[in-house]
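Reviewing the structure listed below.
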Amino acid sequence: MNWRVLGLGTAVLWMVTVGVIVALFVQGHTRPGADGRTEILLAPAERDLILAEMRQLLKSVHGVVTVLGSPDQHLKAAEAAARSAGMAMAADVNPAVMLKLPLPFKQMGMSIHKDMDHLADGIAQGESSVQILNRLSSMTSRCTTCHDMYRFATTK
Ligand code: HEC
């Protein structure tokens, strides 16, 4: 065996491996969905976990909006509702699941968690209802954008 050929073969294999990992990280595990959205393929338990997070996101938005509209404006409750969907929520996402999610999905998802923390900070600092609603609107526009782009499907 010629060592130079072996070395070259190793280098090519290495590049292919890195290429596959980068492609996975960007594209995730996806296929075109029947309704025009991109379908992200997940194991049933992974899908359940992300959908549970989604319902929590809606509860957080609901919690903040409800406080804003109530006469006594219980701001501690609004801050807690926002904080519960902050970066702490994203911390325990399994790396294998992260590889299955396409890059724009990861970016939008992370930006929502980051902005939930910023929202909680804004509420704690006494921002006005209009400022808080503007923050919420910037987030809900990302909820709807992502929902228009992606859906989940399960694999065994
Ligand atoms: C990064 C993409 C993304 C973002 C951002 C996002 N979602 Fe979702 N959400 C999804 C996908 C994908 C589904 C599943 C849709 C499907 O399979 O048809 C979903 C489903 C849901 C569901 C249904 C849960 C269930 O049990 O079926 C709710 C509620 C929800 N999202 C709320 C929200 C709210 C509120 C926000 C914003 C604060 C948000 N989502 C932001 C991607 C996203």
Side-chain angles (χ1 to χ4, degrees), residues 17-156:
T17 308
V18 170
V20 166
I21 291 174
V22 169
L24 259 179
F25 186 80
V26 173
Q27 275 178 6
H29 192 202
T30 55
R31 70 181 177 205
D35 61 1
R37 291 185 288 173
T38 298
E39 220 161 55
I40 303 171
L41 298 159
L42 298 171
E46 294 166 346
R47 173 175 174 269
D48 288 347
L49 192 93
I50 299 185
L51 289 179
E53 267 197 34
M54 290 293 161
R55 296 192 297 277
Q56 183 55 49
L57 282 179
L58 183 53
K59 281 182 194 161
S60 294
V61 172
H62 173 68
V64 175
V65 171
T66 303
V67 170
L68 286 188
S70 67
D72 58 340
Q73 296 223 331
H74 185 34
L75 293 179
K76 279 276 165 221
E79 184 189 345
R83 190 72 70 192
S84 69
M87 285 305 284
M89 186 192 215
D92 50 65
V93 179
N94 172 339
V97 176
M98 285 301 258
L99 270 190
K100 294 182 183 178
L101 303 173
L103 187 58
F105 188 103
K106 286 186 273 240
Q107 287 168 331
M108 279 188 278
M110 282 301 162
S111 75
I112 289 279
H113 291 307
K114 222 179 279 163
D115 283 359
M116 282 287 183
D117 277 329
H118 293 155
L119 173 65
D121 295 340
I123 294 169
Q125 286 156 16
E127 285 187 359
S128 70
S129 298
V130 170
Q131 283 172 306
I132 294 169
L133 278 174
N134 277 324
R135 286 185 186 276
L136 279 172
S137 161
S138 134
M139 278 187 263
T140 49
S141 76
R142 260 165 287 156
C143 313
T144 56
T145 300
C146 193
H147 294 156
D148 284 342
M149 287 171 71
Y150 298 108
R151 61 187 288 182
F152 295 133
T154 49
T155 52
K156 290 273 154 49

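In each ligand, atom 1 is the first atom listed, and ligand 1 is the first ligand listed.
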- Relative to ligand 1, is Arg37 under 4.0 angstrom through side chain, backbone, both or neither, heavy atoms considered?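 The part of Arg37 near ligand 1 is the side chain, not the backbone.
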
- How far is atom 14 (C) of ligand 1 from its nearest protein heavy atom, and which residue and atom name does that atom have?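 Checking every protein heavy atom, the shortest distance to atom 14 (C) of ligand 1 gives Phe152 CD1, 3.6 Å.
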
- Message: Whether Asp148 and Arg37 form a salt bridge (side-chain N of Lys/Arg under 4.0 Å from carboxylate O of Asp/Glu) is what I want to check.
- Response: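 Salt bridge absent between Arg37 and Asp148.
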
- Decide whether an N or O pair under 3.5 Å exists between Arg55 and ligand 1.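 Right, the criterion is met.
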
- Message: Is any side-chain heavy atom of Leu57 closer than 4.5 Å to one of Ile112?
- Response: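 A side-chain contact exists here, since the closest heavy-atom pair is under 4.5 Å.
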
- Do Met149 and Met108 come within less than 4.5 Å of each other through their side chains, counting heavy atoms only?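 Heavy-atom side-chain distance check passes, below 4.5 Å.
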
- Which atoms form the tightest heavy-atom contact between Arg151 and Ala34, and what is the distance?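 Scanning both residues completely, I find the closest heavy atoms to be NH1-N, 4.4 Å.
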
- With a cut-off of 2.8 Å, how many protein N, O or S atoms neighbour atom 8 (Fe) of ligand 1?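 Those protein atoms number 2 in total.
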
- Task: Output every pair passing salt bridge (Lys or Arg N to Asp or Glu O under 4.0 Å) with a member in residues 105-129, not counting sequence neighbours, ordered by first then second residue.
- Result: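 Every salt bridge (Lys or Arg N to Asp or Glu O under 4.0 Å) pair that includes a residue of residues 105-129, provided the two are not neighbours, is Arg83-Asp117, Arg83-Asp121, Asp115-Arg142, Glu127-Arg135.
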
- Message: For residues 44-56, which residue pairs pass the salt bridge (Lys or Arg N to Asp or Glu O under 4.0 Å) check, not counting sequence neighbours?
- Response: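 Listed by first then second residue: Glu46-Lys100.
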
- Under the side-chain hydrogen bond (donor to acceptor under 3.5 Å, both in side chains) test, residues paired with Ser84 that sit two or more places apart: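 Partners of Ser84 by the side-chain hydrogen bond (donor to acceptor under 3.5 Å, both in side chains) criterion, ordered by chain and then number, come out as Gln56, Ser60.
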
